[in-house]
Amino acid sequence: MTSRRDGLDPLQNNPMGYFVLSTDTLRGIRPDEMLTKDWTNKPPLFRHFGAKADNERTLKRLCRLGVPPALRSAIWLTNILRKARPNQTMEETYEYGTLMKVEVLDHGWDIVKKNAFPDQSDEDAATIPDFGLDPKKTEALLIEDHCFHDDGLSVRGVKGVKALTKVLFATHLQLGIEYCPLLPDLTGLFLSVMPESYAYSMIREMSNKSSYYFPLSKNQHYAWCKTFADL
């Protein structure tokens, strides 16, 4: 899936301005690459809406109708950044959804992995941390929800479980997140459309604005649960 960065003059004809294609790291399934109406494979989004292009109301309306699977990695990350980095320009935010930032995010993840797993044995021994739930139950639920098929845990599923474990373990160790019952399932969702480096970047940015995205204490979590139960 390719595209130009039309409308962003310095990068107008830069092939690195294409949106990255989603990838299912968790299950190894190739995403549908078809784009639906109103969505483009290059920033800026929704230019045909004129003055309403790229504003939050337009974005929310189109997202509620469904983000095409091929664009979910790019759109999810850039929208997290819109909230987490309000002083960043839209051009800079869009770059994180394009090929321009792939090496940057991958390099950052490599550094995190070296700190979290100094030796291969550390990675092999890593387990899903306790984020407020029973770790064994959490792992069982995640595997059942995200990695099992009719014939059991596939080879791709095993790789997906390892990716999930690495991201969650590194999040616990590097970002200091100790309580967040929503995080394991969120991470599984992220890894279903993006690589480990992007999933970790999503969590890092969300943790910087945690009150908006997920509760990090038991009291906050119970308050969230009660709020949604009362809707």
Side-chain angles (χ1 to χ4, degrees), residues 20-32 63 66-81 83-84 96-97 105-106 108-109 112-113 116-117 123-210 212-216 220-221 224-225 228:
V20 295
L21 183 68
S22 297
T23 180
D24 190 338
T25 304
L26 203 59
R27 295 165 298 178
I29 300 172
R30 186 179 181 87
D32 183 352
C63 284
V67 180
L71 292 180
R72 286 175 185 169
S73 177
I75 301 305
W76 289 2
L77 179 58
T78 53
N79 278 288
I80 292 296
L81 290 172
K83 284 294 182 184
Y96 281 87
L105 296 179
D106 285 349
W109 175 234
V112 169
K113 286 192 295 183
F117 312 109
E123 184 176 317
D124 295 337
T127 58
I128 294 176
D130 176 4
F131 288 106
L133 300 172
D134 184 314
K136 290 184 179 179
K137 290 182 179 179
T138 300
E139 185 173 359
L141 286 171
L142 288 170
I143 293 172
E144 183 178 346
D145 289 348
H146 300 292
C147 301
F148 256 96
H149 299 281
D150 293 336
D151 55 349
L153 188 61
S154 65
V155 174
R156 290 175 178 174
V158 172
K159 292 181 180 178
V161 171
K162 288 182 178 179
L164 183 64
T165 302
K166 279 191 289 183
V167 173
L168 288 172
F169 188 89
T171 296
H172 174 71
L173 191 66
Q174 298 294 113
L175 301 181
I177 297 178
E178 296 184 357
Y179 186 93
C180 189
L182 298 179
L183 189 57
D185 264 324
L186 278 174
T187 305
L189 185 62
F190 296 157
L191 287 172
S192 70
V193 298
M194 60 184 63
E196 296 170 17
S197 56
Y198 278 64
Y200 180 81
S201 296
M202 288 270 288
I203 297 167
R204 184 190 64 226
E205 297 296 336
M206 292 170 79
S207 70
N208 290 333
K209 203 173 181 64
S210 60
Y212 191 88
Y213 291 111
F214 42 58
L216 294 179
Q220 289 177 347
H221 180 70
W224 274 49
C225 290
F228 285 102

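FYI, side chains are in, hydrogens and waters are out, and symmetry mates aren't considered; it's all heavy atoms of this structure.
The distance from atom CD1 of Ile80 to atom OG of Ser201, rounded to the nearest 0.5 Å, is 11.5 Å. Note that CG of Leu182 and CZ of Phe131 are 11.5 Å apart. Values are rounded to the nearest 0.5 Å. Atom CE of Met194 is separated from atom CG of Leu21 by 12.0 Å, given to the nearest 0.5 angstrom. A distance of 10.0 Å separates CZ in Arg204 from OG1 in Thr171, rounded to the nearest 0.5 Å. Of the inter-residue distances, the one linking Leu175 atom CG with Ser210 atom OG reads 11.5 Å to the nearest 0.5 angstrom. The distance from the OH atom of Tyr212 to the CE atom of Met206 is 10.5 Å, given to the nearest 0.5 Å.
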Let's go through His172 and Ile177 carefully: what are the C-alpha distance in whole Å and the side-chain angles of both, what is the deciding distance for side-chain contact (heavy atoms from CB on, under 4.5 Å) to 0.1 Å, and is it a yes or a no?
CA-CA 5 Å; His172 174 71; Ile177 297 178; 5.8 Å; no
Please test Tyr96 against Leu77 for side-chain contact (heavy atoms from CB on, under 4.5 Å), starting from the C-alpha separation and ending with a verdict.
CA-CA 7 Å; Tyr96 281 87; Leu77 179 58; 4.2 Å; yes
After noting the C-alpha distance and the side-chain angles of Tyr198 and Trp76, does the key distance pass the side-chain contact (heavy atoms from CB on, under 4.5 Å) rule?
CA-CA 10 Å; Tyr198 278 64; Trp76 289 2; over 6 Å; no
Full working for side-chain contact (heavy atoms from CB on, under 4.5 Å) between Glu205 and Tyr213:
CA-CA 10 Å; Glu205 297 296 336; Tyr213 291 111; over 6 Å; no
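Annotation for Gln174 and Tyr200: closest pair CB-OH, 3.3 Å, computed over non-hydrogen atoms. Looking at every heavy atom in both residues, Pro195 comes nearest to Thr25 through CA-OG1, 3.2 Å. Nearest heavy-atom pair across Ala116 and Phe169 is O-CE2, 4.1 Å. Closest heavy-atom contact between Pro184 and Pro181: CD-O, 3.5 Å. Nearest heavy-atom pair across Phe214 and Ile203 is CZ-O, 4.4 Å. In this structure, Thr165 and Ala126 approach most closely via the heavy-atom pair CG2-O, 3.5 Å.
Taking the ring pair (Phe, Tyr, Trp, His ring centres under 6.0 Å) definition, one finds that Phe190 meets it with nothing, sequence neighbours left out.
Checked against Leu26 for a side-chain contact (heavy atoms from CB on, under 4.5 Å), the options Thr187, Leu164, Val193 give a single hit: Leu164.
Of the possible donor and acceptor atoms, one in the side chain of Arg72 sits under 3.5 Å from a partner among the backbone N and O of Val67. With Thr78 contributing its side chain and Gly97 its backbone, the two residues share no donor-acceptor pair below 3.5 Å. Put simply, the side chain of Ser22 gets close to the backbone of Pro69: a donor and an acceptor are under 3.5 Å apart.
A donor atom on one side chain and an acceptor atom on the other are found under 3.5 Å apart for Asp106 and Ser197.
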